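One structure is given here, and the rest of the page talks about it.
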Amino acid sequence: MTEELLINISPSESRVAVLEDGILNEIFIERHSKLGSVGNIYLGTVVRVLPGMQAAFIDIGQSRTAFLHVNDMQTLRPKLSAIEPPKPQNPAIDNTLDPDTTTLAMTTSTYQPPPSELIENRLYEGQRILVQVIKDQLGSKGARLTTDVSLPSRYLVYLPYGEHIGISQRIDGDERERLKTQLGELMHQVNLQGGLIARTAAENIPQSKLEEDIYYLLQLWRMVQARREQTPTHRRFELIYQDLSLPLRAIRDLIGEQTERVTVDNARVFDAIRHFAKEFVPLIYPRIQLYEGEQALFDVHRVEDDLKDALNRRVNLKSGGYLIIDQTEAMTTIDVNTGSFVGGRSLEDTVYKTNLEATHAIARQLRLRNLGGIIILDFIDMQEQQHRDEVLASLQEQLKRDYAKTNISEVSALGLIEMTRKRTRESLQQQLCEPCPTCGGKGFVKSAETVCLEIFRELMRCARTYNAPKKFTVVANSGVIDLLETIEADTVAEMEYLLGRPINLESDNRFNQEQYDILLD
């Protein structure tokens, strides 16, 4: 398998497409108007301490003060403490609950730490504190903070205030032990204090690469500490560290041995990527190229067309079969159908081949659409157990390329497979779409015939309710009016006879198919 990254930059957004053997498999989108602050590290100022809630509000320069709960503060370790030595709490400080922050504060679970860990013994109003954003500001709620800082690299996550070595749950067996042993040795070798977590990308990575990552993280943490010390004391807040932009995160997190090329269509970002890669991912440096063609980069590789298709319910298979994908609040369902495919030697063979092809398409769609949570796969029922086993094995094999953790059940007697996929970010549909203003997100609207019958009932109701209007005027969508003037013309004439008043029909395409109005003259 060969892999290529396409990086498209526009004034309003950055997009990274991952192509495997020339086919789009993943897309990452970052809209500049919605840039979040998750991962950013700030030197903020404590605005208020709330002992009753074991929480504090911190000014980090956003429109609303950010929220820090004692559960999100690292265990006190004097030699590595992220906060300044606390002063005795000033009894004169007003800790009255701010009405604007009540909703946010009440979402925190009850916690009873020992006296030394009580927030009023650790923080005081006006104190400067190093914090990291773990959840963006949303509506009336300020950002959620932690003092337990973490810094990610390509293969590792460094926890300056941690005390353990963790391994990604996706890494199993002897590889877990190898990583734990080697990371422990490397930390001792460079005298690295704190904790480390090996990311999924660290699997089968040689010790030399892990060592490079550790030196990078150590350098990054020293930079954070230096910037903190250099921040003038009169400033209430300061951005100390900002997480990388999407193009640079893609170079850090998505590049692998199989990556043949990175193509960028913006000269400024191209220079930034090359500078970053030269220092941190030298393997990919010679494979980065600037695209200067006249046709849009994503159009050349059919990415735009694939993105449009990824928003459709129906996904066509090459054989003539197809998938139907429906996202709901609770789960996603994927239904496999043979469609026009009749190429098998028998019905069982046709079903087997369709299901086998569907496993490839399903694995791709899960990644491309970034579907998460509970997923129900409705394969066509197969009679032979061997066929069921082979379809399940094919699905498991295809999902090995997926960076998100998945759990798959056995094929049921009805041909269903239940699986879960970890939610990592919003799905493609959630990122690019909003509920339909016509159907309100139902996915369907009343038929024109149904609306016509509603109009007739409403005319009868109006005739009984209001005193002798001279005429009725029905205003509706053109499709409904056309039906009233043609197929339902006899019914309209009968209604005029029953009501004893004329009925005028007016078309207005500002109305959707379900909307209408009846005017009384």
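The shown structure was predicted, so the numbers you read here are calculated from the model rather than taken from an experiment.
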If only atom types and distance count, is the side chain of Glu26 paired as donor or acceptor with the main-chain N or O of Leu368 below 3.5 Å?
no
Ion pair Glu20/Arg367, N-O distance below 4.0 Å:
yes
Ion pair present between Arg227 and Glu229, side-chain N to carboxylate O less than 4.0 angstrom?
no
Glu238 bridged to Arg235 by N-O distance under 4.0 Å:
yes
Any carboxylate oxygen within less than 4.0 angstrom of a Lys/Arg side-chain nitrogen, looking at Glu260 and Arg287?
no
Assess whether atom CD of Gln189 is packed by more than 12 heavy atoms of other residues, nucleotides or ligands within 6.0 Å.
yes
I'd like to know if the side chain of Arg15 reaches the main chain of Ile9, judged simply by a donor and an acceptor atom lying under 3.5 Å from each other, with no hydrogens or angles considered.
no
N/O donor-acceptor pair under 3.5 Å between Glu390 side chain and His387 backbone
no
Test item: side-chain donor near acceptor, Thr146 and Gln132, under 3.5 Å:
no
Asp213-Ser153 side chain donor-acceptor pair, cut-off 3.5 Å:
yes
Whether Asp299 side chain and Glu304 backbone form a donor-acceptor pair below 3.5 Å:
no
May I ask you to say whether Asp271 pairs ionically with Arg274, meaning some side-chain N is under 4.0 Å from a carboxylate O?
no
Mind listing the closest non-hydrogen atom pair of Gln54 and His69 along with its distance?
O-CD2, 3.2 Å
Any carboxylate oxygen within less than 4.0 angstrom of a Lys/Arg side-chain nitrogen, looking at Lys422 and Asp402?
no
Got a sec, which residues hit ring-ring contact (aromatic ring centres under 6.0 Å, His included) with Phe276, two or more places apart in sequence or on another chain?
Phe280
Looking at Ser427, is its backbone amide N or carbonyl O close enough to the side chain of Gln430 to form a donor-acceptor pair, meaning the two atoms are under 3.5 Å apart?
yes
Are Tyr161 and Trp221 an aromatic pair, judged by ring center distance below 6.0 Å?
yes
Would you call Glu30 and Arg249 a salt bridge, using N to O less than 4.0 angstrom?
yes
Got a second to check how far Leu19's CG is from Leu6's CG, nearest 0.5 Å?
5.0 Å
